[in-house]
Amino acid sequence: MENEKIENKSLNFIEQIIEKDLENNKNGGRLHFRFPPEPNGYLHIGHAKAICLSFGLGLHYKTKVNLRFDDTNPSKESIEYVDSIKKDVKWLGFDWDDREYYTSNYFEDLYQMGVKLIEKGKAYVCELSPEEIAKQKGTPTEPGQNSPYRDRSVEKNLELFKKMRDGEFEDGTKMLRAKIDMASSNMHMRDPIMYRIRRAHHHRTGDDWCIYPMYDFAHGQSDFIEKITHSLCTLEFEVHRPLYDWFIDQIAEEGEDRPRQIEFARLNLSYTIMSKRKLLELVEEGFVEGWDDPRMPTISGLRRRGFTAASIRNFAETIGIAKRNNVIDVALLEHSVKDDLNKIAPRVMGVIDPVKLIIDNYPQDKTEELELINNPEDESMGSRIVPFSKEVYIERNDFMEEPPKKFFRLGPDRMVRLKGAYVVKCTGYDKDETGKITAVHCEYDPETKSGSATKQVKVKGILHWVSVKHGIKVEVRQYDRLFNDPDPDGHKDKGFKDFINPNSLEIFNECYVEPSLKDVKPEDNFQFQRLGYFCVDKNSTKNNIIFNRTVPLRDNWSKKNK
RNA sequence: UGUCCCAUGGUGUAAUUGGCAACACGUCUGUUUUUGGUACAGAAGAGUUCAGGUUCGAGACCUGAUGGGACAACCA
């Protein structure tokens, strides 16, 4: 059945390429993929798209997928990021078995390849300064000029490259460049830098090296070393492909399997910023609590916010793979979570902004134990007991002194049902000097008890509630979008930080939930009736449970009256 | 005044490889419901950027234009 699904699904353009390669018995019909993050930040939803693509392909074709850390720039990378990446990929539900690789594992191989290129007369040591390099490189519309060091002898180049490695030169004073074509219309072919001198402590190789390969000289070769067949990356690397192929041309033997780079469009989400560099700014400048702040589009942020791995995988499946630049509506991501959580999240009752509802004709000391269904979507989730008594909290905005006709909730003389309990009729309300409502009064009809009603009363409104005597006090954090512009990064006159939504976090610390929630654990998901999906925050303690609102439930009345 | 890539409802992705455009989200309407959730039913919304060409027939192929994107880090 699973297979049928795949059969019927139309293939994206990458799968079509793969199918064709398979038909032609390219690489002997072998397939091998990889996901190559740089450990310089936390993974975000955009990476999730790439992860689901490559690992998904691995699952589909029952073949290997490597996790490779592209760690060639030690000054930005750290072990913290490595660990977070592993955790997040695993959490998403993917497995790289023992194929955890690092580009830094290949530093020696890469060095030898550099030597080989020099010997072939395809690389040279250059001593130009960054400014001089920029100048002689030309522009996209004007050709560049050859470096004065371009025609050094092989011997001299070999000697200098060795000395670079041995630490005989200052940082930035020399570099190894490929000898290609300074007049190429592709800027990346204008004698690109292969190695630079940089004395920085590497999180894996420590101080073993003072020269580090550049991306272009490391990535394709790493793919080649790992015998990757299809190297998937985002569109901005399209112009790098000729260089990717050129380097492999230099090292691959005739007839040897070689990787093929295929580019796809990166994910853009409305109201969301997706640049690691900018996310780092938000973290460092304290606009959010950290990489896993629930407002962040990081995997860890989404997880803390209550998103499930399945929902993210489904989302990735839904948005598809293509080469067109896109901006996906966050509503689609939210739909994915709601869809998943609707099936698995237990329904519970809680009141975020409470006001007392006093049932005047209910006995003072009586407590009734009502049985409520945990999830109408899934009977196997059973039911639970919720205590009911004379005084309950209801949502402050579930009562209006002068309600309009379309308002189905409580107002003077109006009737509603208290979820799982009785139909009540509002008989009055109390106010303090400031005009604030302090309590709402009502009378209940004993014959309307849920499940065993002897009288049928039709009401339009059903309110959630928590018994005052039995409720547990908790803290609730509601998150709104971090940016109040659909494209915070798309303005020339303003920076993305000008669009930060100052009300993106709202804390309610006077909230009450039903007693069944006494022993919740971080990452537990719930649907609070009528309010939305909530997730227990990792910082919760026994005495202070914190709920993050994952995503609100649709509420037509409030929507129309905004 | 360069090279490369892209162009399908509001958004994203399809279209069995040339047979008059489908699916999902969103929007709207209705039904059911002890969640204004869910489920179900239905509606509106593109004639495929434009102009030529090939063809009995083009969203698909060709040419040109237009629009958008990428490329000038000792970043990846």
Side-chain angles (χ1 to χ4, degrees), chain A residues 9-12 16 36-38 40 70-73 75-77 126 128-130 133-135 137-144 171-177 184-190 193-198 211-212 214-216 218-219 233-242 263 265 267 270 276-277 317-329 331-336 338-339 342-343 347 349 372-373 375-377 406-409 417-421 423 448 450-451 453 459-464 527-533 552-560:
Chain A
K9 206 195 88 193
S10 61
L11 302 178
N12 65 45
Q16 289 180 22
E38 182 191 9
N40 67 342
D70 214 346
D71 53 353
T72 57
N73 183 7
S75 41
K76 285 187 179 171
E77 298 155 3
C126 182
L128 257 22
S129 69
I133 281 249
K135 225 166 116 191
K137 198 147 201 176
T139 68
T141 54
E142 299 161 41
D171 282 15
T173 55
K174 289 190 174 45
M175 63 203 154
L176 186 70
R177 295 179 74 179
S184 170
S185 54
N186 184 337
M187 295 295 287
H188 295 278
M189 299 299 273
R190 322 243 265 226
I193 297 168
M194 295 162 61
Y195 265 97
R196 75 284 211 184
I197 305 173
R198 171 108 104 225
I211 57 171
Y212 291 96
M214 299 287 290
Y215 166 85
D216 285 306
H219 201 97
C233 63
T234 46
L235 244 29
E236 64 268 30
F237 293 102
E238 215 157 20
V239 280
H240 291 247
R241 185 162 16 105
E263 311 85 11
L267 167 69
S270 60
K276 260 199 246 180
R277 205 202 83 224
E317 185 63 38
T318 310
I319 59 176
I321 299 293
K323 294 189 79 164
R324 183 179 5 170
N325 298 314
N326 59 75
V327 182
I328 284 155
D329 195 334
L332 189 52
L333 178 60
E334 286 170 0
H335 170 263
S336 302
K338 283 194 261 188
D339 196 41
N342 177 51
K343 296 175 207 139
R347 275 59 279 231
M349 291 201 291
L372 273 83
I373 300 291
N375 188 347
E377 307 293 318
K406 285 285 206 177
F407 186 74
F408 300 151
R409 286 112 92 156
R417 175 177 287 281
L418 294 176
K419 173 85 185 170
V423 171
T448 58
S450 280
V459 290
K460 287 209 111 176
I462 296 145
L463 302 191
H464 54 280
Q527 186 198 91
F528 278 58
Q529 305 269 356
R530 286 195 39 237
L531 294 177
Y533 292 101
L553 241 32
R554 164 196 186 126
D555 179 349
N556 287 328
W557 191 81
S558 350
K559 200 173 76 185
K560 282 175 188 162

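Computed from a prediction, not measured in an experiment: that's the story for all the values here. All values below were derived from every heavy atom in this structure, side-chain atoms included, with hydrogens, water molecules and symmetry-related copies excluded.
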Between protein and nucleotides 14-17 of chain B, what N or O pairs are separated by less than 3.5 Å?
residue, atom, partner, partner atom, Å
B:A14, OP1, A:I321, O, 3.0
B:A14, O2', A:S10, OG, 3.2

Are any protein N/O atoms closer than 3.5 Å to N/O atoms in nucleotides 29-32 of chain B? If there are, list each pair with its distance.
none

Could you go over nucleotides 39-43 of chain B and give all protein N or O partners under 3.5 Å, atom names and distances?
none

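The side chain of A:R409 approaches B:G36 more closely than any other nucleotide in the set B:C75, B:G37, B:G36. You'll find that the side chain of A:R198 is closest to B:C75, out of B:C75, B:G37, B:C71. Comparing atom distances between the A:I193 side chain and each of B:C74, B:G69, B:A76 picks out B:C74 as nearest. Minimum atom distance to the side chain of A:K419 is reached by B:U35, of the listed B:G36, B:C71, B:U35. Comparing atom distances between the A:M187 side chain and each of B:C71, B:C5, B:G36 picks out B:C71 as nearest.
When the P atom is used for both B:A51 and B:G12, the distance is 23 Å, rounded to whole Å. Using P as the reference atom, B:U17 and B:C61 are 14 Å apart when rounded to the nearest Å. Using C1' as the reference atom, B:C23 and B:G45 are 15 Å apart when rounded to the nearest Å. Nucleotides B:C5 and B:G9 are separated by 23 Å at their P atoms, to the nearest Å. Across B:U66 and B:U49, the matching C1' atoms stand 7 Å from one another, rounded to whole Å. For the C1' atoms, the distance linking B:A76 with B:U63 amounts to 39 Å, nearest Å.
Base engagement by A:L128 is indicated by at least one non-hydrogen atom pair under 4.0 Å involving a base atom. Within 4.0 Å (heavy atoms only), A:V423 reaches no atom of the nucleic acid at all. Counting non-hydrogen atoms under 4.0 angstrom, A:P36 reaches nothing in the nucleic acid. Among the protein residues, A:R277 comes within range of no part of the nucleic acid, since none of its heavy atoms lies under 4.0 Å from any strand. Contact annotation for A:G461: no contact, since no heavy-atom pair falls under 4.0 Å across all strands. Within the 4.0 angstrom heavy-atom criterion, no nucleotide atom of any strand lies near A:H464. Heavy atoms of A:S184 sit nowhere under 4.0 angstrom from any nucleic acid atom. Residue contacts shown for A:Q527 include a base, since a base heavy atom lies under 4.0 Å away. When heavy atoms are screened at a 4.0 angstrom cut-off, A:K135 is found touching no nucleic acid atom at all. Here A:N186 lies out of heavy-atom contact (under 4.0 Å) with every strand. Backbone-only engagement by A:K559 is indicated by non-hydrogen atom pairs under 4.0 Å involving sugar-phosphate atoms exclusively.
With a cut-off of 3.5 Å on both pairing distances, the Watson-Crick and G-U wobble pairs of RNA chain B assemble into stems of 3 or more at B:2-7 with B:66-71, B:10-13 with B:22-25, B:27-31 with B:39-43, B:49-53 with B:61-65.
A:E38 pairs by the salt bridge (charged side-chain N to carboxylate O under 4.0 Å, His left out) definition with nothing, not counting sequence neighbours.
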Classify every nucleotide of nucleotides 19-26 of chain B by which part a protein heavy atom approaches to under 4.0 Å, writing B for the base, S for the sugar-phosphate alone and - for neither, in 5'-to-3' order. ------S-

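Using modelled atom types, no side-chain atom of A:E377 and backbone atom of A:K343 make a donor-acceptor pair closer than 3.5 Å. A donor-acceptor pair under 3.5 Å links the side-chain atoms of A:R417 to the main chain of A:T448, judged by distance alone. The closest donor-acceptor contact from the side chain of A:R198 to the backbone of A:D171 lies at 3.5 Å or more, if one exists at all. A:R530 contributes no side-chain N or O that, together with a main-chain N or O of A:D555, makes up a donor-acceptor pair within less than 3.5 Å. Proximity of a side-chain donor or acceptor of A:E77 to a complementary backbone N or O of A:N73 within less than 3.5 Å is detected.
Between atom CE of residue A:M194 and atom CG of residue A:D216 there is a gap of 10.5 Å, rounded to the nearest 0.5 Å.
Taking the six-membered ring for Trp and thresholds of 30 and 60 degrees, A:Y215 and A:H240 have ring planes more than 60 degrees apart, a perpendicular arrangement.
The closest side-chain heavy-atom distance from A:M187 to A:V239 is not below 4.5 Å.
In B:G10 the O4'-C1'-N dihedral to the base is more than 90° from 0, which defines an anti nucleotide. Base orientation of B:U66: anti, since the glycosidic angle falls outside 90° of 0.
Here the P atom of nucleotide B:C75 and the OH atom of A:Y212 are 12 Å apart, to the nearest Å. Separating the OH atom of A:Y195 from the P atom of B:C74 is a distance of 17 Å, rounded to the nearest angstrom. In this entry the distance linking CD1 of A:I462 with C1' of B:U33 reads 8 Å, nearest Å.
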